[in-house]
Amino acid sequence: MEVLSVASEAYPLIKTGGLADVVGALPAALAPHGVSMRVLLPGYPKVLAALEGGREVYWFEDFFGGEARLVAGRAGGLDVIAINAPHLYDRPGNPYVGADGKDWPDNAQRFAALSFAAYEISLGIIDGYLPDILHCHDWQAGLVPAYVRFNPGSTAKTIVTVHNIAFQGVFGWDVFNALKLDYEASRTGSIEYFGNIGFLKAGLYLADEVTTVSPTYAHEIRTAAYGMGLEGLLQGRSDTVSGILNGIDANEWNPATDPVLPQQFGASTIFNRATNKAELEQRFGLEPGPGPIFSVVSRLTWQKGLDMLPGLIDGLVEHGGRLIVLGSGDAAIENGFAGAALRHPGKIGVHIGYDEGLSHLIQGGADAILIPSRFEPCGLTQLYGLRYGCVPVVSRVGGLADTVIDANEAAIEAGVATGVVFSPATEEALGEAIRRTIVLYARPKVWHKMQRRGMKSDVSWELSAEKYADLYGKVLGHIRDDDSDD
Ligand code: ADP
Ligand code: GLC
């Protein structure tokens with residue numbers, strides 16, 4: 001089975017969030033199921049640099065305003081096809097925004113181009129390669145099913161996976177002519193979204209199957225509270241919407257072999273974490289202390305609920321906790337943490353920025369990781385926390401609800417607790433969860449049992465890879481329904 005995964009990020013080549021981790025991990029996870037997966041990516045400078053020595057497999061003379069080459073090769077353990085189109089992707093920094101923090105003004109063209117290339121590949125333009133399925137991730141690949149449906153010649157099946165429904169790729173109709181999409185697409189209502197063009201909407205409406213990254217989120221996005229305008233469409237397609245939980249790359253994230261950790265450890269050698277904790281204290285300028293070190297490794301945004309945390313830090317410190325923060329995002333949240341660090345020297349350490357290695361050290365040394373998200377499609381940092389004995393403290397939403405078992409007395413008694421789960425995602429409930437965590441930490445037997453139990457949780461790709469493989473089988477076996485509205 002040949003599947004082309006279409007995405008704007010893939011670890012280790014280019015990453016701004018969990019999407020990259022998932023796209024980067026899927027090919028290896030699916031290989032044992034007879035799925036051969038290549039990844040189609042925009043040719044950002046980092047991607048092309050990693051693909052050095054790749055083969056040019058196709059040339060477009062006029063590709064969304066300039067020429068483009070498809071370059072295929074092996075990079076970062078992945079079979080990659082990159083779109084080398086300097087006029088679209090040869091820009092410094094972030095894939096989505098310029099140095100001013102604003103979206104690149106031609107994002108519609110940049111990501112329509114990604115989707116269009118996938119469609120072209122499904123026509124057989126690359127010698128010896130014809131994918132059966134185009135697996136499209138998030139809005140950047142949302143137009144793929146539209147090209148397949150309205151432009152001629154493709155027989156590929158399409159699956160759209162929603163990693164975050166908050167990002168929808170909505171653009172004015174003025175871009176339509178630049179999209180190389182058959183005129184018919186504009187007449188049927190399938191790409192139209194509240195008077196604009198919706199890339200994600202198009203994908204969700206037209207794909208053979210829709211998945212999202214946890215069962216709870218698959219349910220949530222069909223409700224008004226979480227669907228962000230797309231709930232009606234998804235309700236109407238309920239028989240083709242499912243949730244498949246993300247796993248983690250168990251080689252990349254393995255505390256027994258992680259080269260970043262000063263001291264590796266396993267569930268039976270959990271006491272070895274002390275060395276890593278000491279290293280963390282030193283790196284973040286924290287004074288040693290008897291209480292737990294809480295941590296944050298995250299985008300600092302409203303979604304992640306981290307605007308609620310700065311106001312709770314005085315109480316956290318008063319109760320004997322310490323906190324380290326690794327992240328970047330909204331200036332107000334960054335400033336909130338920086339201010340707290342000034343007020344509590346030796347208790348709060350803040351690193352504004354992105355640092356993959358440091359994120360491993362935090363998971364391997366901190367006592368708990370705080371994830372108070374208002375919504376969370378899946379979330380990966382709680383999974384890394386579980387694997388590394390860094391107890392997750394999470395709100396009960398999306399994938400967080402599906403992966404962490406709250407340490408209430410019954411769960412402690414039964415030996416199944418793996419973290420602290422709170423609801424609703426409010427400052428008050430988060431404050432209470434932090435207090436509860438500090439109390440649990442003061443019961444070492446309970447705490448260590450919880451850590452060990454977490455380390456034994458199944459956070460691998462095994463089950464989920466099987467579910468994707470089954471879904472691929474399903475779309476290849478079934479005949480596409482002909483929509484009656486066009
Ligand atoms: P999202 O994709 O919504 O940001 P996830 O939890 O799915 O949330 O994935 C976030 C990924 O990005 C994880 O791999 C996490 O470790 C990583 N990450 C987030 N912020 C940072 C940071 N400042 N430095 C290093 N890694 C980070
Ligand atoms: C998105 C979501 C996150 C999820 C990740 C990978 O970025 O915000 O919850 O884990 O995608 O699927």
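For this chain, numbers begin at 1 and follow the sequence in order. Note that ligands are numbered from 1 as they come in the structure, with each ligand's atoms numbered from 1 the same way. Computation of the quantities below employed the complete heavy-atom set of this structure, encompassing side-chain atoms and omitting hydrogens, waters and symmetry-equivalent molecules.
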Is any side-chain N of the basic residue among Arg436 and Glu432 closer than 4.0 Å to the acidic one's carboxylate O? no
Among protein heavy atoms, which lies nearest atom 14 (O) of ligand 1, and at what distance? Asp21 OD2, 2.6 Å
Looking only at side chains, do Ser242 and Glu209 share a donor and an acceptor under 3.5 Å apart? no
Partner of Phe116 under ring-ring contact (aromatic ring centres under 6.0 Å, His included), picked from Tyr147, Phe111, Phe199, is Tyr147
Considering heavy atoms of the protein only, find what lies nearest to atom 16 (O) of ligand 1 and give residue, atom and distance to 0.1 Å. Thr381 CG2, 3.7 Å
Could you check whether any heavy atom of Tyr384 sits closer than 4.0 Å to an atom of ligand 1, since that is the contact criterion I want to use? yes
State which residues pass ring pair (Phe, Tyr, Trp, His ring centres under 6.0 Å) with Phe337; sequence neighbours excluded, sorted by chain then number. none
Selection from Leu380, Leu400, Val325 by shortest heavy-atom distance to atom 5 (P) of ligand 1: Leu380
Students should be able to answer this: which protein heavy-atom is nearest to atom 1 (C) of ligand 2, and at what distance? His163 O, 3.0 Å
Distance-only N or O hit between ligand 1 and Lys15, under 3.5 Å: yes
Hey, is the main chain of Thr216 close enough, under 3.5 Å, to the side chain of Asp402 for a donor-acceptor pair? yes
N or O contact, Gly17 vs ligand 1, cut-off under 3.5 Å: no
What atoms of ligand 1 come within less than 4.0 Å of a heavy atom belonging to Gly327? 23 (N)
May I ask you to check if ligand 1 and Arg299 share an N or O to N or O distance below 3.5 Å? yes
Compute the minimum heavy-atom distance from Cys378 to ligand 1 and say whether it is under 4.0 Å. no
Check whether any N or O atom of Asn164, backbone or side chain, sits under 3.5 Å from an N or O atom of ligand 1, and answer yes or no. no
Counting heavy atoms only, name the option from Gly18, Ser298, Gly357, Gly329 that's nearest to atom 10 (C) of ligand 1. Gly18
Does any N or O atom in Ser328 lie less than 3.5 angstrom from one in ligand 1, N or O only? no
Using a plain distance cutoff, I'd like to know if Cys378 has any nitrogen or oxygen under 3.5 Å from a nitrogen or oxygen of ligand 2. yes
In this structure, atom 21 (C) of ligand 1 is nearest to the protein heavy atom Tyr354 CE1, 3.4 Å
Please could you name the atoms of ligand 2 that Val22 approaches to less than 4.0 Å, counting only its heavy atoms? 6 (C), 12 (O)
Heavy-atom count check: over 12 atoms from other residues, nucleotides or ligands less than 6.0 Å from Glu2 CD? yes
Using a strict 4.0 Å cut-off to heavy atoms of Asn164, name the atoms of ligand 2 that fall inside it. 8 (O)
Which option wins on minimum heavy-atom distance to atom 6 (C) of ligand 2: Ile165, Asp21, Asn246, Thr16? Asn246
Against ligand 1, does His351 come closer than 4.0 Å with any heavy atom? no
Is the distance between the ring centroids of His135 and Tyr468 under 6.0 Å? yes
Using a heavy-atom cut-off of under 4.0 Å, does the side chain or the backbone of Val213 touch ligand 2, or both, or neither? side chain
Kindly check if the number of other-residue, nucleotide or ligand heavy atoms within 6.0 Å of NZ (Lys15) is above 12? yes
Does the plane of the ring in Phe171 sit parallel, tilted or perpendicular to the ring in Trp139? Use 30° and 60° as the thresholds. tilted
Find all atoms of ligand 2 within a distance of less than 4.0 Å from any non-hydrogen atom belonging to Pro377, and give their numbers and elements. 2 (C), 8 (O), 9 (O)
What is the nearest protein non-hydrogen atom to atom 9 (O) of ligand 2, stated with its residue, atom name and distance? Glu376 OE2, 2.4 Å
Is the contact between Lys304 and ligand 1 made by the side chain, the backbone, both, or neither, using heavy atoms and a 4.0 Å cut-off? side chain
Check for me whether the distance between the ring centres of Tyr384 and Trp253 falls short of 6.0 Å. yes
Does any N/O atom on Gln303 come nearer than 3.5 Å to any N/O atom on ligand 2? yes
Sequence neighbours excluded, which residues qualify as ring pair (Phe, Tyr, Trp, His ring centres under 6.0 Å) partners of His351? none
Ring-plane angle category for Phe265 and Tyr388, please: parallel below 30°, perpendicular beyond 60°, tilted otherwise. perpendicular
Atom CD of Glu356 with >12 non-hydrogen neighbours under 6.0 angstrom: yes
Below 3.5 angstrom, do we get any N/O pair linking Gly353 and ligand 1? yes
Does even one non-hydrogen atom of Gly379 get within less than 4.0 Å of ligand 2? yes
Any ion pair linking Asp307 and Arg374 (charged N to carboxylate O, less than 4.0 Å)? yes
More than 12 heavy atoms of other residues, nucleotides or ligands under 6.0 Å from CD of Gln235: yes or no? yes
Please examine the side chains of Arg273 and Pro255, heavy atoms only from C-beta on, and report whether any two atoms are closer than 4.5 Å. no
State whether the shortest distance between N or O atoms of Asp355 and N or O atoms of ligand 1 falls below 3.5 angstrom. yes
